[in-house]
Engineer: 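Pasting in a structure now, in structure tokens, and then I'll have a few things to ask.
Note on naming: letters A, B, ... go to the chains in the order of the sequence lines (proteins, then strands), and numbering restarts at 1 for each one.
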There are 2 protein chains.
Amino acid sequence: MESAAVPPSEERRRDAAATRRRLLEAARDLFAERGYEGATVRSIAARAGVNQALLFRYFGSKRGLLAEVVALGGLEQLRATPPEELFETALRSMLTRSAEEAEDRSLEVYLRSVGRGDEAAGTLRELGEEYQSVLAGLSGAPDGALRADLAMAWLLGIGLMRTVVAREPLAGADPDEVCRLVLGTLSHLWAETGDGGA
Amino acid sequence: MESAAVPPSEERRRDAAATRRRLLEAARDLFAERGYEGATVRSIAARAGVNQALLFRYFGSKRGLLAEVVALGGLEQLRATPPEELFETALRSMLTRSAEEAEDRSLEVYLRSVGRGDEAAGTLRELGEEYQSVLAGLSGAPDGALRADLAMAWLLGIGLMRTVVAREPLAGADPDEVCRLVLGTLSHLWAETGDGGA
DNA sequence: TACCGTTGTAAGCAGCTGCTTACATCCGGG
DNA sequence: CCCGGATGTAAGCAGCTGCTTACAACGGTA
């Protein structure tokens with residue numbers, strides 16, 4: 001069947017596994033750049049250098065492709081990150097120009113794809129709920145889940161302003177500086193009593 | 001058959017001004033509900049109860065319609081609100097189920113429409129910059145504009161999570177409760193020195 | 001060598017998009 | 001009255017969408 005060994009230095013000319021991988025990477029990047037609806041199957045296939053019919057052969061539908069992208073890039077990485085590091089990790093991944101070698105761009109996909117009565121919504125909702133449940137454990141308050149939602153709202157909002165709106169000064173700000181401001185402020189959210197904040 | 005729900009002795013049967021207004025209201029609502037790309041000219045015309053060709057006669061293009069919606073609903077209202085009330089006003093409009101009688105839904109339009117490599121981006125950018133310049137005056141810090149961007153990011157993020165993702169507990173939370181948490185926390189952002197936050 | 005499943009390709013489907021065109025119909029002013 | 005612009009309508013354009021189909025070419029196996 002499949003000779004497990006990777007070809008020494010030559011690419012096989014017919015390689016289903018490599019084609020699948022190329023499609024997944026192209027889809028990950030295009031979903032992140034243009035959102036689910038904005039990335040067409042033709043553009044994904046073109047970036048992968050592959051005939052678009054193969055996309056449907058390997059993933060069944062465009063939505064199937066999205067599900068696999070989110071499962072690989074988002075959910076796996078999320079489950080591998082300790083809860084107390086999750087927010088800062090996610091924030092920094094939002095703040096870092098994902099020029100090259102970005103494994104997980106699922107939050108970009110998320111914020112560029114929600115907003116319509118999409119079919120993408122269902123697939124992305126699961127990812128959002130995982131984030132919520134992890135962040136909810138960070139506050140001792142009984143309304144931890146609400147505060148987690150608010151924290152995630154800020155995270156998404158910052159990503160929206162930075163990578164989508166791309167407006168100065170946020171777009172070009174030093175990630176460390178932004179992290180300091182946001183994390184410093186958010187520490188008050190976890191402790192906020194709501195009786196005036198002072 | 002087609003007499004529809006037209007009051008017998010009230011409206012003129014051919015009224016360009018009324019038709020324009022109906023189109024503007026339908027566009028405002030559909031842009032807010034589905035985003036610029038998601039709202040089709042056919043759906044807008046249908047909701048307005050108007051032939052879609054009239055949309056192009058009165059506004060030239062779909063984008064021209066958007067520009068007028070934003071100018072009327074967003075910019076006018078923004079300029080009429082005192083700076084120190086702007087954030088809370090905008091936050092509350094995000095938190096209030098805009099079931100009926102919502103004059104200004106421009107922030108909903110904004111957050112559902114950014115994210116695509118849209119043609120809508122240019123029109124909406126102006127609105128965002130107005131918000132930024134007003135909010136930037138609220139902090140005495142030299143990086144006031146950055147903090148304004150961060151505040152607006154939270155505002156948009158909350159709107160995104162509440163009206164788009166619509167996930168509990170944020171979606172159903174008491175607006176007053178959310179306002180208290182957010183405003184209490186944000187007061188620290190205006191004062192945050194960045195040397196630890198505590 | 002002959003075979004046959006796997007991999008890749010070209011073309012086309014119906015349905016939607018923003019927008020245009022050619023044509024009815026109304027209604028006020030001569 | 002009756003004409004002409006304002007208003008409303010139906011049909012259709014080219015281009016795009018996700019997806020399917022029929023077919024060609026490869027390459028391991030018997």
Engineer: So, is Y36(B) close to the dT17(C) phosphate, meaning a side-chain N or O under 4.0 Å from OP1 or OP2?
Structural biologist: no
Engineer: Between atom CG in D15(A) and atom P in dG28(D), what is the gap in whole Å?
Structural biologist: 12 Å
Engineer: Ignoring hydrogens and geometry, is there a side-chain-to-backbone donor-acceptor pair from R47(B) to A26(B) under 3.5 Å?
Structural biologist: no
Engineer: What does A53(B) touch in the nucleic acid at a heavy-atom separation under 4.0 angstrom: a base, only the sugar-phosphate, or nothing?
Structural biologist: base
Engineer: Roughly how many Å is it from CG in L54(B) to C1' in dT25(C), rounded to a whole number?
Structural biologist: 13 Å
Engineer: Over how many whole Å does the gap from L65(B) atom CG to dT17(C) atom C1' extend?
Structural biologist: 16 Å
Engineer: In whole angstrom, what separates Y58(A)'s OH from dT9(C)'s C1'?
Structural biologist: 12 Å
Engineer: Side chain of R14(A), heavy atoms from C-beta onward: which of dG8(D), dA25(D), dT20(C) has the nearest atom to it?
Structural biologist: dA25(D)
Engineer: If you only use heavy atoms from C-beta on, which nucleotide in dT9(D), dG8(C), dG18(C) is closest to the side chain of T19(A)?
Structural biologist: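 Given the options dT9(D), dG8(C), dG18(C), the side chain of T19(A) is closest to dG8(C).
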Engineer: Heavy atoms from C-beta onward define the side chain here; which of dA11(D), dT7(D), dA10(D) lies closest to that of Q52(B)?
Structural biologist: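 Given the options dA11(D), dT7(D), dA10(D), the side chain of Q52(B) is closest to dA11(D).
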Engineer: Can you classify the ring geometry of F31(B) versus Y36(B) as parallel (below 30°), tilted (30 to 60°) or perpendicular (above 60°)?
Structural biologist: tilted
Engineer: As a test of reading the structure: which of dG8(C), dG18(C), dT17(D) is closest to the side chain of R42(A), going by heavy atoms?
Structural biologist: dT17(D)
Engineer: By nearest nucleotide on DNA chain D, pick out whichever of V50(B) and F56(A) is the more 5' one.
Structural biologist: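 It is V50(B), whose closest nucleotide lies nearer the 5' terminus.
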Engineer: From the set dC19(C), dC19(D), dT25(C), return the single nucleotide nearest to any side-chain atom of S61(A).
Structural biologist: dC19(D)
Engineer: Is any side-chain heavy atom of S43(A) closer than 4.5 Å to a side-chain heavy atom of T40(A)?
Structural biologist: yes
Engineer: Picking from dT7(C), dT7(D), dG18(D), which would you name as closest to the side chain of T40(A)?
Structural biologist: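 So the nucleotide nearest the side chain must be dG18(D).
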Engineer: Give the rounded distance in Å between these two atoms: CZ of R34(B) and P of dG18(C).
Structural biologist: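 Distance, rounded to whole Å: 11 Å.
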Engineer: Between atom CG in N51(A) and atom C1' in dC19(D), what is the gap in whole Å?
Structural biologist: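 Taking atom C1' of dC19(D) as the reference, CG of N51(A) is at 12 Å.
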Engineer: Could you say whether R57(A) or R57(B) is positioned toward the 5' end of DNA chain D, judged by the nucleotide with the nearest heavy atom to each?
Structural biologist: R57(B)
Engineer: Over all strands shown, is A18(A) touching base, sugar-phosphate only, or nothing at heavy-atom distances under 4.0 angstrom?
Structural biologist: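 A18(A): no heavy atom of the nucleic acid under 4.0 Å.
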Engineer: Can you tell me the distance, in whole Å, between the CG atom of L30(A) and the P atom of dG18(D)?
Structural biologist: 11 Å
Engineer: Return yes if some donor-acceptor pair links the side-chain N/O of R28(B) with the main-chain N/O of G73(B) below 3.5 Å, else return no.
Structural biologist: no
Engineer: Rounded to whole Å, please give me the gap between CG in L55(A) and C1' in dA10(C).
Structural biologist: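 After rounding, the reported distance stands at 16 Å.
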Engineer: Is it true that D176(A) and R180(A) make a salt bridge, defined as a side-chain N closer than 4.0 Å to a carboxylate O?
Structural biologist: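 Judged by the 4.0 Å cut-off on N to carboxylate O distance, D176(A) and R180(A) do not form a salt bridge.
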Engineer: What nucleic acid atoms does F59(A) come within less than 4.0 Å of, heavy atoms only: base, sugar-phosphate, or nothing?
Structural biologist: nothing
